[in-house]
Amino acid sequence: MSRTAAERGPASSPASEETRTHLALGTLSVRGQIREASNAVLFGVVEHEGRRVPCVYKPVAGERPLWDFPDGTLAQREVAAYEISRATGWDLVPATVLRAGPYGEGMCQAWVGPQPEEAPSGDGDDGDDGDTTDVADETDGPGPAGGAEEPAESEETDGGEELLAIVEGGEPGEGWKAVGHVDTGTARPALLVHADDARLRRLAVIDAVVNNGDRKGGHLLTLPTGELYAIDHGVTFHVDDKLRTLLWGWAGEELTAEATAVLRRLSAALDEGEPLAVRLSGLITEAELEALRKRIEGLLSSGRHPLPSGDWPAIPWPPV
């Protein structure tokens with residue numbers, strides 16, 4: 001039996017303006033809770049104009065305070081990261097909006113990949129009783145794209161791609177970039193590596209721009225059609241250098257001509273009074289906005305991917 005339009009997903013990609021509009025204007029219903037997250041993460045659906053868009057909803061009320069991010073919210077920084085991704089034209093972050101929901105204001109982001117099974121009709125739909133279905137063990141969506149903890153094994157996304165791996169020896173091998181040496185508990189040397197992939201390289205530029213303090217393997221999701229999306233950007237935009245990532249393979253290398261052109265456009269879009277700058281001013285502090293501008297200026301001035309600062313752990317833990 002064919003499904004009705006209300007039962008289908010969005011007609012456009014997870015990062016598109018159409019998807020963003022659905023998320024912002026539609027009716028949000030909570031269907032379940034994703035376990036093993038440090039903050040409240042809920043699976044839901046947004047229905048708007050006959051479309052049914054699966055989503056992740058993270059209410060501000062479910063956030064745990066971070067001592068080094070005293071201003072703003074994780075939800076606001078997630079939306080700001082989407083704004084930056086959208087402005088680059090690379091569309092590597094799923095559409096993300098700040099909106100009201102059953103548990104108060106929060107971040108609502110398009111779901112990427114196969115959906116978890118939902119709660120039975122009436123369970124957790126309106127948020128009145130707080131009951132939700134635990135969907136973590138039922139989720140068939142993309143799992144970690146990397147962060148393998150066993151030596152010489154690669155991890156794949158549901159799209160069948162290997163993006164991160166641990167390999168034996170002291171060289172990454174063709175098609176891979178070295179992140180760093182790892183201790184596998186044996187006398188044999190091993191390297192953590194990531195794919196030498198143009199999509200990952202673009203994401204490394206975005207992470208440097210937003211000062212991502214937590215780029216883990218499990219935040220990289222791919223679809224069988226080849227799109228790569230990155231999620232979880234709550235720890236971003238700090239005024240101090242807090243870049244922690246598994247994508248250090250291009251550290252110190254020259255930026256691509258494409259990246260340089262994108263950074264120049266982004267710099268112009270962040271000029272005082274420009275629409276992007278105005279939108280970001282409502283999501284991050286003025287000091288964070290100015291630090292964002294300076295990071296872009298620094299990247300353009302050096303013409304290279306950044307190196308670890310040495311003042312902050314370079315790789316997040318756990319890596320997934």
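Count residues from 1 along the sequence. Just so it is clear, the structure is predicted and the values come from calculations on it, not from any experiment.
For Ala269, the side-chain contact (heavy atoms from CB on, under 4.5 Å) test picks out Leu276, with sequence neighbours left out. Qualifying salt bridge (Lys or Arg N to Asp or Glu O under 4.0 Å) partners for Glu49, counting only residues two or more places apart in sequence or in other chains: none. By the side chain to side chain donor-acceptor pair (under 3.5 Å) test, Ser267 is found to be paired with no residue, residues two or more places apart in sequence or in another chain being considered. In this structure Thr256 satisfies the side-chain contact (heavy atoms from CB on, under 4.5 Å) test together with Arg201, Glu258, Ala259, sequence neighbours excluded. Every residue two or more places apart in sequence or in another chain that forms a side chain to side chain donor-acceptor pair (under 3.5 Å) with Asp232 is listed here: Lys58, His219. Partners of Ala24 according to the side-chain contact (heavy atoms from CB on, under 4.5 Å) rule, which considers only residues two or more places apart in sequence or in another chain, are Arg20, Val97. Checked against side chain to side chain donor-acceptor pair (under 3.5 Å), Asp91 has the following partners two or more places apart in sequence or in another chain: Arg86. Take Arg279 and apply the side chain to side chain donor-acceptor pair (under 3.5 Å) test, not counting sequence neighbours, and it matches Glu83. For Ala287, the side-chain contact (heavy atoms from CB on, under 4.5 Å) test picks out Val239, Thr285, with sequence neighbours left out.
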| request: For the pair Val45 and Val53, evaluate side chain to side chain contact (heavy atoms under 4.5 Å, CB included) and give the outcome as yes or no after the intermediate values. | output: CA-CA 5 Å; Val45 294; Val53 184; over 6 Å; no
| Pair Ile166-Val193, side chain to side chain contact (heavy atoms under 4.5 Å, CB included): steps then yes or no | CA-CA 6 Å; Ile166 292 178; Val193 299; over 6 Å; no
| Does the pair Leu221 and Leu228 meet the rule for a side chain to side chain contact (heavy atoms under 4.5 Å, CB included), with working shown? | CA-CA 6 Å; Leu221 310 177; Leu228 169 72; 5.9 Å; no
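Placement of Leu255 and Val210 within a single hydrophobic cluster is found when ILVMFWY residues are connected by side-chain heavy-atom separations under 4.5 Å, directly or transitively. Hydrophobic clustering, with ILVMFWY side chains joined whenever heavy atoms are under 4.5 angstrom apart, groups Leu263 together with Ile84. Neither Phe69 nor Val41 shares a network with the other; the hydrophobic side chains, linked directly or stepwise wherever heavy atoms of I, L, V, M, F, W or Y lie under 4.5 Å apart, form separate groups for each. Residue Val60 is not grouped with residue Leu283 when hydrophobic side chains (ILVMFWY) are merged at heavy-atom distances under 4.5 angstrom, including chains of intermediate members.
Trp248 contributes a side-chain N or O that, together with a main-chain N or O of Ala314, makes up a donor-acceptor pair within less than 3.5 Å. Side-chain N or O atoms of Arg215 include none that pairs as donor or acceptor with a backbone N or O of Thr245 at under 3.5 Å. Not a single donor-acceptor pair under 3.5 Å links the side chain of Glu254 to the backbone N or O of Arg304.
When every heavy atom of Arg52 is checked against every heavy atom of Glu47, the shortest pair comes out as CG-CG, 4.2 Å. Between Leu246 and Gly217, the shortest heavy-atom distance links the atoms CD1-N, 3.3 Å. Considering every non-hydrogen atom in both Lys177 and Pro172, the closest pair reads C-CB, 4.1 Å. The minimum heavy-atom distance linking Pro102 with Val30 is given by the pair CG-CG2, 3.8 Å. Listed here is the closest heavy atom pair of Val46 and Leu28: CG2-CD1, 3.8 Å. Closest approach of Pro14 to Tyr229, counting heavy atoms only: CD-OH, 3.3 Å.
Side-chain contact between Leu200 and Leu220 is present, with heavy atoms from C-beta onward closer than 4.5 Å. Side-chain contact between Thr73 and Arg77 is absent, with no heavy-atom pair separated by less than 4.5 Å. The closest side-chain heavy-atom distance from Thr96 to Cys108 is not below 4.5 Å. A 4.5 Å side-chain heavy-atom check between Trp90 and Val262 finds at least one atom pair inside the cut-off. Between Gln76 and Val79, every side-chain heavy-atom pair lies at or beyond the 4.5 Å cut-off. Contact annotation: the side chain of Cys55 approaches that of Leu23 to within less than 4.5 Å [non-hydrogen atoms, C-beta and beyond]. Counting heavy atoms from C-beta on, the side chains of Leu191 and Val179 never come closer than 4.5 Å. Within the 4.5 Å cutoff, the side chain of Trp176 has no heavy atoms near those of the Asp196 side chain.
Using a cutoff of 4.0 Å between basic side-chain nitrogens and carboxylate oxygens, Lys242 and Asp214 are not scored as salt-bridged.
Residue His305 holds its NE2 atom at 10.5 Å from CG of Leu247, rounded to the nearest 0.5 Å. Here CG of Asp71 is found 12.0 Å from CG of Leu66. Values are rounded to the nearest 0.5 Å. The structure places OG1 of Thr236 at 8.5 Å from CG of Leu74, a figure rounded to the nearest 0.5 Å. Residue Ile315 holds its CD1 atom at 12.5 Å from NZ of Lys216, rounded to the nearest 0.5 Å. A distance of 8.0 Å separates CG in Asn211 from CG in Asp240, rounded to the nearest 0.5 Å. To the nearest 0.5 Å, atoms CZ (Arg51) and NE2 (His22) are separated by 6.5 Å.
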List the atom pairs, donor and acceptor, that lie under 3.5 Å between side-chain atoms in residues 293-301 and the rest of the protein, sequence neighbours left out.
from	atom 1	to	atom 2	distance (Å)
Arg293	NE	Leu270	O	2.7
Arg293	NH1	Glu290	OE1	3.2
Arg293	NH2	Leu270	O	3.0
Arg295	NE	Val209	O	2.7
Arg295	NH1	His238	O	3.2
Arg295	NH2	Val209	O	3.0

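Environment of CD in Glu171: sparse, with no more than 12 heavy atoms of neighbouring residues, nucleotides or ligands closer than 6.0 Å.
Using a 3.5 Å distance cut-off with no hydrogens or angles, the side chains of Thr19 and Ser16 do pair a donor with an acceptor.
Screening residues 179-199 for ring pair (Phe, Tyr, Trp, His ring centres under 6.0 Å) gives His194-Trp250 as the qualifying pairs, with residues at least two apart or on separate chains.
Through side-chain heavy atoms spaced under 4.5 Å, either directly or across other Ile, Leu, Val, Met, Phe, Trp or Tyr residues, Val93 is tied to Tyr82.
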